[in-house]
Protein chains: 2
Amino acid sequence: MANSQFKRGELYSFITGLASTAIARRLQKNFKQHGIDITIEQWSVLYHLWKKDGLSQQELCSATFRDKPSITRLVDNLEKQKLVKRVASVKDRRINLIYLSEIAMGLRDQTMDLANRTLNEALTDVTADEIELCKTVLQRVYDNLT
Amino acid sequence: MANSQFKRGELYSFITGLASTAIARRLQKNFKQHGIDITIEQWSVLYHLWKKDGLSQQELCSATFRDKPSITRLVDNLEKQKLVKRVASVKDRRINLIYLSEIAMGLRDQTMDLANRTLNEALTDVTADEIELCKTVLQRVYDNLT
DNA sequence: TTGAATTAGTTGCATAACTAACTAAATATG
DNA sequence: CATATTTAGTTAGTTATGCAACTAATTCAA
């Protein structure tokens, strides 16, 4: 039995995603301390736009594993803060293409640096092999359920 | 360097806690399909009360890694649904002790069973060793940040 | 080519998260 | 003993999530 060692008490912290919550909280705090006024969730959207600007909301849904309403509202808030702009696609007018503002482009390097530093803190004494294994296991878990 | 293999692109899904979100969503769906009308977060509070009834809100904060306002409102909602009751401590009137109702006690076995089954689904083809390693790594990550 | 089905995105409602500011009770200090 | 500090819990405001129901544009099919 693959799962016999996974007892109820341990199950809980796995489900709540303790480690990822702790990392997100710390990163949020680091953003704030550096006067960067965006949430982790907003940052995760920007992250994908930095890789490829002009994604559609639907593409952002897939990239961030969020549902459509979540992306609608994240883009709403990013637009309010003048970090992105919705541009209706000419080819298919149902589609909104999301473009970064100058301000958002300027946030890239600083926030990436903070993210990397936060992660280095979190992963002190964790080896590359361990990270690799965790990643593949968590990916398999995800795939099993989707 | 322990972290050299942990690239930016990978960082993201680690932070969002993909796997734990997927498990939580699936468990929520399973609850719903069995007519159990509680959220995962409420369940996580009940979980600790099933282990030890009559915890204070502060103890529930530590046990669930949530802050005080979160517990206040989770208990609010659990009370509305008549699943728990706040009882002021006689020894220290600042403290609310939280007690399970009969209804909540009755939910224990059924929801535990659903949780275990959900986890078995999620952990198909994941070995006990892999689970053990993930757990210790995630715990170390958490400890590094707290 | 017209009506049905699909796809992209929005809106409404309930729950939950974090921060900051607050009240009330208990403890410490002087 | 009186005041200051700490501790337990609540309230308010903003953001985010999930679900269901919705609109509008596009594509498919009879």
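Keep in mind it's a predicted model, so treat the numbers as computed, not measured. In what follows, chains carry the letters A, B, and so on, assigned in the order in which the sequence lines appear, proteins first and then strands, with residues in each chain numbered from 1. Below, each value reflects all heavy atoms present in this structure, side chains not excepted, and no hydrogens, waters or symmetry copies.
Contact check, Arg66(A) against dA16(D): no side-chain N or O comes under 4.0 Å of OP1 or OP2. The shortest distance between the side-chain N/O atoms of Ser70(B) and the OP1/OP2 oxygens of dA17(C) is below 4.0 Å. Look at Arg94(A) and you won't find any side-chain N or O under 4.0 angstrom from OP1 or OP2 of dG9(C). For Thr72(B) and dT10(D), the shortest distance from a side-chain N or O to OP1 or OP2 is below 4.0 Å.
Nearest nucleotide to the Pro69(A) side chain, out of dG18(D), dA20(D), dA17(C): dA20(D). The listed nucleotides are dA26(C), dC13(C), dA25(D); the one nearest the side chain of Arg73(A) is dC13(C). Listed candidates were dG9(D), dA16(C), dG9(C). Nearest to the side chain of Gln57(A) is dG9(C).
When side chains are defined from C-beta on, Asn30(B) counts as touching Gln33(B), because their heavy atoms get closer than 4.5 Å.
In this structure, Leu74(B) reaches the sugar-phosphate backbone alone: every heavy-atom distance under 4.0 Å involves primed, P, OP1 or OP2 atoms, never a base. Across all strands shown, Arg25(A) has heavy atoms under 4.0 Å from sugar-phosphate atoms exclusively, and none from any base. Asn77(A) comes within contact range of the sugar-phosphate backbone alone, with a heavy-atom separation under 4.0 Å but no base atom that close. Within the nucleic acid shown, Lys29(A) has no heavy atom closer than 4.0 Å to any nucleic acid atom. Using a 4.0 Å heavy-atom cutoff across all strands shown, Gln28(A) reaches no nucleic acid atom at all. Within 4.0 Å of Thr39(B), counting heavy atoms only, lie sugar-phosphate atoms of the nucleic acid but no base atom. At a threshold of 4.0 angstrom between heavy atoms, the contacts of Asp67(B) include nucleobase atoms, whether or not backbone atoms are also involved.
Taking atom CD1 of Ile98(B) as the reference point, atom C1' of dT10(D) lies 13 Å away to the nearest angstrom. If you measure from atom CG of Leu97(A) to atom C1' of dG9(C), you get 13 Å, rounded to the nearest angstrom. Distance Ile95(A) CD1 to dT23(D) P: 21 Å, rounded to the nearest Å. Residue Arg93(A) contributes atom CZ, which lies 11 Å from atom P of dT27(D) at whole-angstrom precision. If you take CZ of Phe31(B) and P of dT15(C), they are 16 Å apart, rounded to a whole angstrom. The interatomic distance linking Gln58(A) (CD) with dT6(C) (P) rounds to 16 Å, in whole Å. Between the P atom of dT19(C) and the CD1 atom of Ile40(A) lies a distance of 11 Å, rounded to the nearest Å. Rounded to whole Å, atom C1' of dT15(D) lies 12 Å from atom NZ of Lys32(A).
Residues Lys85(B) and Glu79(B) are not paired through a salt bridge, judged by the lack of any N-O separation under 4.0 Å between the basic side chain and the carboxylate. Salt bridge Asp76(A)/Arg86(A): present, at least one basic N to carboxylate O contact under 4.0 Å. Using a cutoff of 4.0 Å between basic side-chain nitrogens and carboxylate oxygens, Arg140(B) and Glu130(A) are scored as salt-bridged.
For Lys68(B) and Asp92(B), each mapped to the nucleotide of DNA chain C holding its nearest heavy atom, the one lying further toward the 5' end belongs to Lys68(B). Between Glu59(B) and Val90(A), the residue whose closest nucleotide on DNA chain D is further toward the 5' end is Glu59(B).
Heavy-atom minimum distance, Arg26(B) versus Leu145(A): NH2-O, 2.6 Å. Summarising the geometry of Leu46(B) relative to Ala104(B), their closest heavy-atom pair is CD2-CB, 4.3 Å, with the distance given to 0.1 Å.
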